[in-house]
Amino acid sequence: MNFAPEIVYPLYLSAASDSQESVSKKGEELLKRKASTVNLEDPNLIKKLFTLFNGTVGAENIAAELKVSPAHASLRMRLMSVFCRSIAAANAFPHTLQCIFGCIYGSGTTSRLKQLGMEFTVWVFKHAVTDQLKLIGPVILSGILRSLDGSSTTETDSTARDTKIFAYQAIGLLASRMPNLFSDKTNMAIRLFTALRLEDQSLRLTIQEAATSLAAAYKGASMIVLKNLEVLLLENCEVEQSEVRFSAIRWATTLYDTQHCPSRYICMIGASDVKLDIREMALAGLNLLNDLRQSSAGSVDFKYPDVTEMLNYICHQRPQLLCSDDQRNGKLLFPSKTFLSMIKFLMKCFESSDSPNLVKEDPSHSPVAKMCIILENAMSYEGSSELHALALKSLVDLSSREPELVSLRYADRIQWLRGLLAHVDSDAREAAARLLGIASSALSSSAALTLLSEFTSTLNQNRPTRFENYHGVLCAIGYLTAGCLKQSYIPEEMVKNAVDILVKVVDSEGSALASVAMASLGHIGLRCTLPSINQNSSTGALLTILHEKLTKLLSENDTKAIQKILVSLGHISWNEMSFPHLNNALDLIFSLSRSKVEDVLFAAGEALSFIWGEVPVTADVILETNFVSLSQATNYLTSDAPLVSSNSYERSDCEEAHAMAREEIIKKLFETLIFSSRKEERCAGTVWLVSLTMYCGRHPKILELLPQIQEALSHLLGDPNELTQDLASQGMSILYELGDASMKEQLVHALVNTLTGAAKKKKAIKLMEDSEVFQEGAIGNNPTGGKLSTYKELCSLANEMGQPDLIYKFMDLANYQAALNSKRGAAFGFSKIAKQAGEALQPYLNALIPRLVRYQYDPDKNIQDSMAHIWKLIVSDPKKAIDEHYDVIVEDLLVQSGSRLWRSREASCLALADIIQGRRYSQVSKHLRKIWTTAFRAMDDIKETVRNAGDSLCRAVSSLTIRLCDVSLTSTSDANETMNIALPYLLSEGILSKVSSIQKASISLVMKLAKGAGPALRPHLAELVCCMLECLSSLEDQRLNYVEMHAGNAGIKTDKLESLRIAVAKDSPMWETLDICIKVVDTNSLDILVPRLAQMVRSAVGLNTRVGVASFITLLVQKVMIDIKPYSTLLLKLLYTAALEERSSAAKRAFASSCATVLKYASPSQAQKLIEDTTSLHSGGKNDQLSGAILIKAYLSNAADILGGYNAVVVPVIFVSRFDDDKDTSALYEELWEDIPSSERVTLTLYLPEIVSLLCNCMSSSAWAGKRKSAKATKKLCDVLEVS
């Protein structure tokens, strides 16, 4: 008798936990065999198991025989593992509670049971429904806490450790599900932080996770609780254990908003942690993590605390900050990294501060003043160089906010600043020099001039020994002189003296110091026109005298020095009124047009912008803020170009000279550089043109030149140099912002033409002998080993090969490369413009989308990425866009798949393979045949990568076709239509193709189509069957024909070889398809199918095909049976003739067998005639006799009931033919005679008259063989009948 598993499960479980080994073994066996399918979510079963666990000791009114004792420890452990797998057990209140407390505090509990109890607690807290949890949560929590209080922190037992792990996990789970249990007091937070400090290392990770869950529970707690937690976190953010610090920072960033000062202070402390994960979390809490990674994607929504509150809180935490240096003994109050984060964060607080004026009535207590004190503390000698530089730069930033307060403060601390001019960090020295210049405005004129004199006399007397001192003094002279010029109290003689000293430094020192001296000259030049220089008893313009030295410096490899010199040339030219002097500066800048260093080109672009005029900065911004360069201010290489500011610095007094300089720049850019044959010069021209467009974009002359700039940049989009391309496209987007409505329309139109291939021919570049056509290594090495990269080498290579006309091929290749690059360049420009173009793009989408789809599959990864970028920008919903433009896309891809360019063919195939997947019949019906044509053409391509793409397309279109033809997945009408398109094409073009891969793919697909098509296959049966039958021979390995021809020589029997060939053919996919065809044949199909089969019987060639036709007819007749009757006359005639004429014995047997199968359904007259014709063959030649024997054998096997009525005709023939002289013939008839069931004597007696009659006829035969055969038969007859 079989019980339900739920009934016997408790019994088997008890047995499996028994102390007797034999009982426990049997219990285990029964559990596996009979209770493995038990439902652990059955409430009745779970109730029984809890009763088994807890017993019925406390229950009243229970009969003695029904009382259950509590389970022993072994069974309890077994039951606990069951409860931890059942959600029903987690919700079985109050049993759950009894069970957990029984495990943790029960009288006979063990450490293992305690562990399992805690594990079950975790399970309950995870899976109990909320209503249950409200009832049991507080009770269980108190039990867990009691358990933890009773344990020691030094326990080494692994079970006790696991118990604690589950206990803390349970607390974490309960905190996430019932936060209100914890949020009204801080006891649990204090407990977990204490545990993190005191517990063993192996437990801390679990406690840390529980603490993280608990943090969320305190969100929204009362202000008093949050205030108490602040104190707790401050105490724990600097303790020894990293897990405690981690949790403190995590709580600070989770619990409080970003405007909460104490939590941000805790993050500042964490920023100097030794652990990377803690540092990063702290920096994220201060919104400084992106600064660290130099990411442009900062947190836009980050809200900073009020700067006054933040400063007051920091000063309250560390009152020593406000003490003097002497009281602090020059020591740093925070670690350097904490200070760095604090300063960066406070400066961001200043930036986000709403109040424009942070100075109160008492300036000494204003936020700016407090910030200055903090920054001065950061300058303590213990601080890092990075910290010192940041502190000084921040002081410069503060001066731009409160110039008066800062300049007054540091006018009293000039000596301190002078000491910093010798700092080891160059940025710190530069910032100290700036501060000196700013502070000079608060000095009296005499004090400022005295200070400047001291600096100049330092350099006049002797060269400072330390580089740092020299560098600091040079910087200071520049900023101080500029500061004095701003106040207009410096005598001209002192300016001349300072300039002379700086010129001497440039003339005599190396690039490092000379570039700093030039920068200082530039700073002076921002405030006034530089005076003429006296040198070697002659007077001349500064740049004229320094021309030779500067040319030398610019030709060196010191990139930073060259950048400084170039920018200083721009600054010096700022107030220059003489065109020859400006021309000198331009000559120096243009001398770098072949530089390959990007930073140098950008610096030169800035210098040209200063010479051009109307840059978006003033002299005050450059000299009195942390201004580095125009490119850093706009950051136009790493982000979108901002609209150029019109906040320019006007200079009317020197406009004429600058107007002439502008003409010179235009001439150089548009006549020499942009259309140069050298890629370096084109790159330089692009950088400089884009720099001018960006920095001086509002200048009337630039606006006037916009069409010309656009044409130049369009030309540069196809440049092989990546930087040229990128900047040309960047320039396009700047032009788009600068242009009016007509310019914007013209620009979009030009770009669309570039992408769609309709752009006008680019301006020709004259090729010189050293013009680079390909990038180095683009084609390979020429025969002599040099890189094939110049026009001259292309010519020589073509000549060496004896084919000078090849040079045109090489040039075509270069043009094609430019076209590809142009598409990529256009993509970059287009993506920037697409952001603003909006509706203007809609008319072009029909032309753009098909090309964008194709280019996303281009073999060139760069083009792929670029086009994918545009696609994302202009197409908000890609699926919808492809659906709407589906026909246009497919038509374009089909056309391009036949392109003469292999890239287009490959991309088109890959794109088609992708977009046809999952389509409905209505979407692909008009294209399906063309897609198949495309796939087969690509599979036979000359280029391997295109063939691979063709294979991918073939797989995709095969999958699509199979799905559309499968009546279980597609409507019957659509399946029929798809079959009408695909099957005829595959049979005519695919299977008969000379390309083996196409043949294999076609046969495989036809077989799969046949499997899924069902009745949809019927209209195509005739073509399909005939094709498959012909393929049995045409697709056979041709080597088998060769083997058959030489079989005799090789000692191989022909019959065996034929049998082998037929067996292989019947194991092929073609025969499998024929089997499928048989299954779908119906009566209506016969009208088309039988005539085609009859034709094949007459004309088919090839052993496999002829055997296949015969076998198929046999199978067909067996399937349709009586329905074949109308066609039996035709088939019998053809099959009888084929069996008679067939030379191959295997084919002869196949046709005979087929003939016999049809005979079963023939009319009596047809049957009589066929059998008579067959028996008459015995008197013919050898072939006739063999054919007759094979046919009679087939009739006996397949139509014995029909043949039985004609035994009187057949048996005599068999008897007489046994005695034929030919061994093969006699052997066949002998087999037939032996198959006759009655004994020989009975048979002969029965058909004696007919046999005698036949013997008489044979005796009278004119053939000697016939007479001999009948004589032997007569003798045998007499012997058997014992007649003498």
Side-chain angles (χ1 to χ4, degrees), residues 258-259 261-273 279-280 282-294 298-299 302 304-323 325 328 330-353 358 366-402 405-406 409-410 413 416-417 420 423 425-432 434-435 438 625-626 628:
T258 56
Q259 292 178 298
C261 295
S263 63
R264 297 315 101 185
Y265 176 76
I266 290 168
C267 289
M268 291 173 192
I269 300 296
S272 60
D273 202 281
R279 281 204 307 277
E280 290 195 340
L283 290 170
L286 297 170
N287 197 31
L288 296 176
L289 191 58
N290 288 322
D291 292 355
L292 190 71
R293 292 175 179 166
Q294 298 182 329
S299 177
F302 196 92
Y304 290 91
D306 179 75
V307 68
T308 310
E309 286 180 20
M310 192 73 240
L311 282 164
N312 288 340
Y313 185 83
I314 292 170
C315 293
H316 173 71
Q317 288 297 320
R318 294 288 167 97
Q320 307 97 303
L321 276 172
L322 300 176
C323 300
D325 283 347
R328 287 197 315 267
K331 288 195 174 180
L332 208 59
L333 294 178
F334 294 101
S336 284
K337 286 183 178 176
T338 292
F339 244 136
L340 279 167
S341 303
M342 186 182 290
I343 293 169
K344 286 177 185 174
F345 187 73
L346 286 170
M347 292 311 293
K348 287 191 175 186
C349 291
F350 271 108
E351 284 171 30
S352 65
S353 174
L358 292 166
S366 72
V368 174
K370 282 187 178 173
M371 188 68 196
C372 287
I373 292 169
I374 289 175
L375 293 173
E376 287 164 19
N377 178 259
M379 293 301 299
S380 298
Y381 67 86
E382 287 183 351
S384 63
S385 297
E386 183 187 3
L387 176 58
H388 290 174
L390 178 66
L392 287 167
K393 284 180 180 177
S394 300
L395 282 173
V396 174
D397 279 341
L398 286 177
S399 74
S400 62
R401 289 183 167 279
E402 300 297 340
L405 188 149
V406 175
R409 182 179 181 87
Y410 292 102
R413 308 194 66 185
W416 179 69
L417 288 176
L420 292 172
H423 197 281
D425 187 271
S426 60
D427 287 345
R429 296 195 293 274
E430 179 94 18
R434 272 188 210 271
L435 274 172
I438 292 162
T625 67
N626 283 314
V628 179

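Quick caveat, the model's predicted, so the values are computed rather than measured.
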Any side-chain heavy atom of Asn287 within less than 4.5 Å of one from Phe345?
-> no
Locate the shortest heavy-atom distance separating Ser380 from Asn377; write the atom from each residue and the value.
-> OG-O, 2.7 Å
Pairwise distance CG(Leu286) to OH(Tyr265) - rounded to 0.5 angstrom | 12.5 Å
Is there a donor-acceptor pair closer than 3.5 Å between any side-chain N or O of Arg264 and the backbone N or O of Met310?
-> no
If we only count heavy atoms from C-beta on, is the Pro305 to Thr258 side-chain gap below 4.5 Å?
-> no
Distance (rounded to the nearest 0.5 Å) between Leu392 CG and Asp397 CG | 11.5 Å
Take Ile269 and Ser272 through the test side-chain contact (heavy atoms from CB on, under 4.5 Å) and record every step on the way to the result.
-> CA-CA 6 Å; Ile269 300 296; Ser272 60; 5.6 Å; no
What distance separates Ile373 CD1 from Cys315 SG, expressed to the nearest 0.5 Å?
-> 7.0 Å
Heavy-atom nearest pair, Ser341 first then Leu283, reads OG-CD2, 3.5 Å
In terms of ring plane angle, is the pair Trp416 and Tyr410 parallel, tilted or perpendicular, where the classes change at 30° and 60°?
-> parallel
In this structure, are over 12 heavy atoms from other groups packed under 6.0 Å from Gln259 atom CD?
-> yes
So, do Lys348 and Leu288 sit near enough that their side-chain heavy atoms are less than 4.5 Å apart?
-> yes
Considering only heavy atoms from C-beta outward, does the side chain of Arg434 approach that of Ser399 to under 4.5 Å?
-> no
Of all the heavy-atom pairs spanning Ala282 and Cys267, show the shortest one and how long it is.
-> CB-O, 3.2 Å
CD on Glu402 to CZ on Phe350, rounded to 0.5 Å | 8.5 Å
Measure the CD1-CE distance between Ile374 and Met379 for me, rounded to the nearest 0.5 Å.
-> 15.0 Å
Working to the nearest 0.5 Å, report the span between CG of Leu340 and CD of Glu386.
-> 4.5 Å
When every non-hydrogen atom of Thr308 is compared with those of Pro367, the smallest separation belongs to OG1-CG, 3.4 Å
Heavy-atom closest pair (Leu398 atom, Val368 atom, distance to 0.1 Å) is CD1-O, 4.2 Å
Check for a donor-acceptor pair, side chain of Arg279 on one end and backbone N or O of Asp273 on the other, with a separation under 3.5 Å.
-> yes
side-chain contact (heavy atoms from CB on, under 4.5 Å) between Leu387 and Ile343, intermediate numbers included = CA-CA 9 Å; Leu387 176 58; Ile343 293 169; 3.7 Å; yes
Any ion pair linking Lys393 and Glu430 (charged N to carboxylate O, less than 4.0 Å)?
-> no
Test item: Ser336 side-chain N/O and Ser384 main-chain N/O as donor-acceptor pair under 3.5 Å | yes
Let me see the working for Met342 and Lys337 under side-chain contact (heavy atoms from CB on, under 4.5 Å), right down to the final yes or no.
-> CA-CA 8 Å; Met342 186 182 290; Lys337 286 183 178 176; over 6 Å; no
Does the side chain of Leu420 come within less than 4.5 Å of Arg429's, by heavy atoms?
-> no
Quick one: do Gln317 and Tyr313 satisfy side chain to side chain donor-acceptor pair (under 3.5 Å)? Show the steps, please.
-> CA-CA 6 Å; Gln317 288 297 320; Tyr313 185 83; 3.2 Å; yes
Closest heavy-atom pair and its distance - Asn626, Ser394 = ND2-N, 4.5 Å
Note: Glu376-Arg409 ion pair, threshold 4.0 Å (strictly below) | yes
Evaluate the side-chain contact (heavy atoms from CB on, under 4.5 Å) criterion for residues Leu346 and Ile314: first the C-alpha distance (whole Å), next the side-chain angles of each, then the deciding distance (0.1 Å), finally the verdict.
-> CA-CA 10 Å; Leu346 286 170; Ile314 292 170; 4.0 Å; yes
